[in-house]
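See structure below.
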Amino acid sequence: QVQVVESGGGLVQAGGSLRLSCAASGRTFSRYPMGWFRQAPGKEREFVAAISRSGGYTYYADSVKGRFTISRDNAKNTVSLQMNSLKPEDTAVYYCAAQQGSSSPYYTESYDYWGQGTQVTVSS
């Protein structure tokens, strides 16, 4: 089992940058594919980015491709999301998640462990 805790959210102007971090417990962090999702008020939780166990494969939603970068450090049990060129429509609560298996990285149902989320607000 793994516990994940997000940090790094905040208020930023459009065009700015933020870096989200996710710290995971446990000695087997490298076994878990990791993902970032977000949920805006009144909307469903949606996929943002994901990364394979080794970090060799990354996946992005079309809406963030070219602006966001996901990375992980298995030695430090952390996964990060660098967000650049932020837009007001990026405003949401961002969640870090870990999956035990090897299911599709794009779906919430694939993930077994979730953090509490961190708020990102982008002002226009």
Side-chain angles (χ1 to χ4, degrees):
Q1 191 170 358
V2 63
Q3 293 181 325
V4 295
V5 179
E6 306 94 338
S7 63
L11 173 64
V12 64
Q13 289 188 332
S17 298
L18 278 176
R19 186 176 181 87
L20 304 183
S21 294
C22 174
S25 64
R27 294 177 291 179
T28 59
F29 175 72
S30 61
R31 296 182 183 178
Y32 297 91
M34 301 294 295
W36 285 96
F37 289 75
R38 66 186 181 188
Q39 188 167 18
K43 294 188 177 181
E44 292 188 354
R45 193 168 298 188
E46 64 174 7
F47 170 77
V48 175
I51 191 165
S52 62
R53 293 176 179 86
S54 67
Y57 295 93
T58 56
Y59 311 85
Y60 295 96
D62 287 344
S63 59
V64 307
K65 201 171 293 183
R67 299 189 298 122
F68 291 11
T69 302
I70 188 171
S71 60
R72 68 188 294 163
D73 185 335
N74 286 339
K76 296 183 179 179
N77 284 17
T78 59
V79 60
S80 299
L81 185 68
Q82 178 66 43
M83 306 186 296
N84 298 329
S85 302
L86 283 161
K87 304 175 181 179
E89 50 263 44
D90 294 318
T91 295
V93 177
Y94 283 70
Y95 297 90
C96 177
Q99 63 163 294
Q100 290 183 323
S102 300
S103 300
S104 169
Y106 300 105
Y107 305 112
T108 58
E109 295 80 4
S110 298
Y111 294 83
D112 303 282
Y113 307 105
W114 293 83
Q116 294 300 307
T118 185
Q119 177 70 47
V120 171
T121 303
V122 184
S123 63
S124 58

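Position 1 is the first residue of the sequence; numbering continues from there.
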- Specify the closest pair of heavy atoms between C96 and V79, including all atoms of both residues, with the distance to one decimal. SG-CG1, 3.7 Å

- Do side-chain atoms of S110 reach the backbone of S104 as a donor and acceptor pair under 3.5 angstrom? yes

- Item | Short side-chain to backbone donor-acceptor contact, Y111 and P105, under 3.5 Å | yes

- Say whether, by atom type as modelled, one donor and one acceptor occur between the side chain of E6 and the main chain of G117 under 3.5 angstrom. yes

- Does some side-chain heavy atom of M34 sit less than 4.5 Å from a side-chain heavy atom of V4? yes

- Less than 4.5 Å apart, any side-chain heavy atom of W36 and any of C22? yes

- Message: I'd like to know if the side chain of R53 and the backbone of R31 have a donor-acceptor N/O pair within less than 3.5 Å.
- Response: yes

- Task: Could you go through the side-chain contact (heavy atoms from CB on, under 4.5 Å) check for R45 and W114 one step at a time?
- Result: CA-CA 12 Å; R45 193 168 298 188; W114 293 83; 3.3 Å; yes

- Item | Min side-chain heavy-atom separation Q100-Y113 under 4.5 Å | yes

- Message: Looking at T58 and I51, would you say the former's side chain and the latter's main chain have a donor-acceptor pair under 3.5 Å?
- Response: no

- Item | Ring centroid separation F47 to Y59 under 6.0 Å | no

- Parallel, tilted or perpendicular: rings of F68 and Y94 (30°, 60°): tilted

- Query: Donor-acceptor pair, R72 side chain versus G55 backbone, under 3.5 Å?
  - Reply: no

- Item | Backbone N/O of Q3 and side chain of S25: donor-acceptor pair under 3.5 Å | yes

- Test item: I70 and Y60 side chains (from C-beta on) under 4.5 Å apart, heavy atoms: yes

- Going by heavy atoms in the side chains, are T28 and V2 under 4.5 Å from each other? no

- Where do G8 and L18 come nearest, in terms of heavy atoms and distance? O-CD2, 3.9 Å

- Query: Is a salt bridge present between K87 and D90, judged by a nitrogen-to-oxygen distance below 4.0 Å?
  - Reply: no

- Message: If I take atom CZ from residue R67 and atom CG from residue N84, how far apart are they, to the nearest 0.5 angstrom?
- Response: 9.0 Å

- Query: Given Q82 and S71, is the side-chain contact (heavy atoms from CB on, under 4.5 Å) satisfied, shown in steps?
  - Reply: CA-CA 8 Å; Q82 178 66 43; S71 60; over 6 Å; no

- Item | For the student: nearest non-hydrogen atoms of G9 and T118, plus distance | N-OG1, 3.2 Å

- Query: Can you check whether T91 reaches R38 side chain to side chain, under 4.5 Å on heavy atoms?
  - Reply: no

- When clusters are formed by joining ILVMFWY residues with side-chain heavy atoms under 4.5 Å apart, either directly or through shared neighbours, do L11 and M83 land in the same one? no

